[in-house]
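In this text the structure is predicted, and so the values were computed from the model without any measurement.
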Amino acid sequence: MNKTELAAAVDTRRTFAIISHPDAGKTTITEQMLLFGGVVRQAGTVKARKSGSFAKSDWMEIEKKRGISVTSSVMQFDYDDKRINILDTPGHEDFSEDTYRTLMAVDSAVMVIDSAKGIEPQTKKLFQICKMRGIPIFTFMNKLDRDGREPLDLLNEVEEVLGIETYPMNWPMGMGKGLKGLYDRYNHRVELYQNEAHGRTFLPLDENGQLDSSNELTKDSIYRDTLEEMELIEEAGNDFDEAKVIAGDMTPVFFGSALTNFGVETFLKTYLQYAPKPNAHKTQDDQEIQPTDNEFSGFVFKIQANMNPNHRDRIAFVRICSGEFDRGMDVQLQRTGKKMRLNNSTQFMADTREMVETAVAGDIIGLYDTGNFQIGDTIFAGKHAVQFEKLPQFTPELFMRVTAKNVMKQKSFHKGIEQLVQEGAVQLYTSYTTGEYILGAVGQLQFEVFKFRMQNEYNSEVVMEPMGSKTARWIDPEQLDEKMSSSRNLLVKDRYGAPLFLFENAFAERWFADKYPDVKLTAKL
């Protein structure tokens, strides 16, 4: 592509993450968007267990069994002349690290809120990460098909708890069994609530924002209440400010029901009008790489083993930050200086994929990996070396000893541990003296997923012995004396061979600091 063609292609890209507390409907709304993109014929909601229809974005076996998302999945489709990259993230707090890294690879976020529950703890956490990065946020108030809280209460809560201005793009006319439709403020129409099989009916509003008086709905008290609420919002609410939306200081709010596919397409169309195209990305030396720069660059934000268990494959997910990707191109891995040819590349629909020949800034591609890549790696083409900002990394708080149940299956045990640890959800440590394996994670559910995947993907049953919560602190090898280790501070190595202590509590850490005042301990390597 020449410069003009590249700029035009980048302009069509929209890359966003969907964030929420568990069970707010995040995966369901993703499914409906895929439906509009013509990718799936039927949205397989996470509820539809008996029919064998599973959510397209929940591709992992444990996700299908438990009805939860435990890993970020990537989906791409075309809609309204835009190329859309959706990253559906896990809502469960035990998988926050995966979600936080995913948020480094997107240009905007869609925040899904359960209209009956309002702002929940994980939503608040994820919002704060978006706010810190200045990511534009679009809000979808979900589950209108059920009775929920008053819309004004929900808006007030978003403004007070999250500290962001709201602008309702539409407004519910009733809810639950009394749901009549949506007063579409932005498109100046009413969208009637009816069975999906009957399609969608839109009624135009006149210049005063009202339906034609001949319409039966005008006699309904719910419609009249909606007009009063809209009058209040017009007088006392915020004015729409696109600059504030792009800066992450205002969130456009949409109401709807993902489960019944009501209001989702209206949301998607409007979102695409205001969502930002790919942004510049900062490097570690504080430079900005523009998406339309000619030279290709990108970073690895996720690694996933066994997306196809039959082939034991491993995929490195790359966010393209600049230039054009062409299959078979030569790039350099910044961390090692190694040059490589990118012959095996893919684009995704959860676990379904196809070979990608070309992609541009904003796209997410998958590279088949034999162990070359690590999370946070930068790859680039051209003479000028690039290294993007570091991705967030959490220090584990919970620890488990792990051994193979069948000593005759050591090979699959070691291979499984090696590959799953490289994904970054669990950390691997080895005892300094005995060499036994210790796993660290930020949440208990990660251990359950690890155990499940070891058995189902590597045919290796494992025995896990809880060690409880510990505080991990790294030590300079030059200052290390193995005699410093005790029952209160276990000496281990991380997977790169760096020594650290696992302190059983704050008292043990203070005792160590008093005994060895010249020894410097750090919370991260």
Side-chain angles (χ1 to χ4, degrees), residues 24-25 28-29 31-33 35-36 43 45 80 110 112-118 138-158 166-240 251-274:
T28 309
I29 195 172
E31 292 290 295
Q32 302 296 6
M33 289 187 196
L35 196 61
F36 298 130
T45 75
D80 261 10
V110 173
V112 182
I113 294 174
D114 185 326
S115 60
K117 297 176 181 174
F138 297 76
T139 301
F140 189 84
M141 295 288 184
N142 195 20
K143 304 189 181 181
L144 270 194
D145 54 305
R146 306 178 189 177
D147 288 328
R149 289 167 52 184
E150 289 296 323
L152 280 171
D153 288 346
L154 291 167
L155 288 190
N156 288 336
E157 184 178 43
V158 169
T166 61
Y167 183 89
M169 305 294 271
N170 60 20
W171 200 253
M173 295 166 53
M175 64 180 67
K177 289 183 179 176
L179 180 60
K180 300 292 184 183
L182 287 169
Y183 185 97
D184 192 339
R185 182 188 192 191
Y186 177 77
N187 291 301
H188 212 63
R189 66 191 184 188
V190 165
E191 182 174 353
L192 294 182
Y193 183 63
Q194 57 195 20
N195 190 298
E196 235 183 301
H198 295 100
R200 290 281 171 251
T201 300
F202 300 100
L203 305 174
L205 296 170
D206 64 21
E207 58 187 18
N208 296 316
Q210 297 188 26
L211 290 172
D212 188 283
S213 57
S214 64
N215 193 294
E216 283 293 309
L217 193 57
T218 58
K219 300 171 183 150
D220 196 304
S221 61
I222 291 176
Y223 169 75
R224 291 197 296 273
D225 289 346
T226 302
L227 290 183
E228 288 179 13
E229 288 172 339
M230 289 311 303
E231 195 175 335
L232 176 64
I233 287 166
E234 292 290 353
E235 289 179 8
N238 302 307
D239 293 327
F240 185 77
T251 178
V253 179
F254 301 80
F255 290 83
S257 164
L259 191 64
T260 60
N261 200 1
F262 180 61
V264 179
E265 189 167 22
T266 298
F267 159 73
L268 180 58
K269 281 178 177 287
T270 312
Y271 162 79
L272 290 176
Q273 291 179 37
Y274 292 103

Just by distance, do the side chain of D145 and the backbone of S257 share a donor-acceptor pair under 3.5 Å? no
Non-neighbouring partners of D212 that pass salt bridge (Lys or Arg N to Asp or Glu O under 4.0 Å), sequence neighbours left out: none
Starting at CE of M169, measure out to OG1 of T251 and round the result to the nearest 0.5 Å. 10.0 Å
Sequence neighbours excluded, the answer for ring pair (Phe, Tyr, Trp, His ring centres under 6.0 Å) partners of Y223 is none
My understanding is that only residues two or more places apart in sequence, or in another chain, count here; which of them pass side-chain contact (heavy atoms from CB on, under 4.5 Å) with D239? none
Could you check if a side-chain atom of F255 sits within less than 4.5 angstrom of a side-chain atom of L154, using non-hydrogen atoms only? yes
Would you say the side-chain atoms of N142 pair up with the backbone N or O of A258, donor to acceptor, closer than 3.5 Å? yes
I want to check something: taking the side chain as every heavy atom from C-beta on, are E191 and T201 in contact at a cut-off of under 4.5 Å? no
Give the C-alpha distance, both sets of side-chain angles, the deciding distance and a yes or no for side-chain contact (heavy atoms from CB on, under 4.5 Å) between L192 and L182. CA-CA 7 Å; L192 294 182; L182 287 169; over 6 Å; no
Minimum-distance pair of heavy atoms, taken over all atoms of G209 and L227: O-CD2, 3.7 Å
Not counting sequence neighbours, which residues clear side-chain contact (heavy atoms from CB on, under 4.5 Å) with D80? List them please. K269, L272
Can you list the residues that meet the side-chain contact (heavy atoms from CB on, under 4.5 Å) rule with E150, with sequence neighbours excluded? D153, E229
OG1 of T28 to NZ of K143: how many Å apart, nearest 0.5 Å? 8.0 Å
Do T139 and M141 come close enough that some side-chain heavy atom pair is under 4.5 Å? yes
With sequence neighbours left out, which residue pairs that include part of residues 170-190 fulfil the salt bridge (Lys or Arg N to Asp or Glu O under 4.0 Å) condition? K180-D220, D184-R189, R185-E234
Please name all residues satisfying ring pair (Phe, Tyr, Trp, His ring centres under 6.0 Å) with Y183, sequence neighbours left out, ordered by chain then number. none
How many angstroms lie between CG in L152 and CG in L232, if you round to the nearest 0.5 Å? 6.0 Å
Can you find a pair of side-chain heavy atoms, one from M33 and one from Y271, that are under 4.5 Å apart? no
If every non-hydrogen atom of V112 is compared with every non-hydrogen atom of G25, which pair is closest and at what distance? CG1-C, 4.3 Å
Taking the six-membered ring for Trp and the single ring otherwise, decide whether the centroids of Y193 and F262 are under 6.0 Å apart. yes
Less than 4.5 Å apart, side chain to side chain, heavy atoms only: is that true for T270 and P252? no
If the condition is side-chain contact (heavy atoms from CB on, under 4.5 Å), which residues does N156 pass it with, not counting sequence neighbours? E160
Which residues pass the salt bridge (Lys or Arg N to Asp or Glu O under 4.0 Å) test with K117, not counting sequence neighbours? none
Below 4.5 Å, heavy atoms only, C-beta onward: do S115 and R146 meet side chain to side chain? no
Test log, rule side-chain hydrogen bond (donor to acceptor under 3.5 Å, both in side chains), inputs Y167 and Y186: CA-CA 10 Å; Y167 183 89; Y186 177 77; over 6 Å; no
Under 3.5 Å donor-acceptor, T266 side chain and G263 backbone: no
Look up atom CG in D147 and atom CG in L179, then write down how far apart they are to the nearest 0.5 Å. 10.0 Å
R224: partners by salt bridge (Lys or Arg N to Asp or Glu O under 4.0 Å), with sequence neighbours left out: none
Non-neighbouring partners of F202 that pass ring pair (Phe, Tyr, Trp, His ring centres under 6.0 Å), sequence neighbours left out: none
Side-chain donor/acceptor of Q32 to backbone N/O of V264, under 3.5 Å: no
Is N208 reaching over with its side chain to a backbone N or O of Q210, donor-acceptor style, under 3.5 angstrom? no
By salt bridge (Lys or Arg N to Asp or Glu O under 4.0 Å) - contacts of E265 (at least two apart): none
Is there a side-chain contact between M173 and V190 (heavy atoms, below 4.5 Å)? yes
To the nearest 0.5 Å, tell me how far M230 CE sits from E235 CD. 11.5 Å
Considering only heavy atoms from C-beta outward, does the side chain of W171 approach that of T226 to under 4.5 Å? yes
Take F267 and F140, measure what ring pair (Phe, Tyr, Trp, His ring centres under 6.0 Å) needs, and give me the verdict at the end. CA-CA 8 Å; F267 159 73; F140 189 84; 5.6 Å; yes
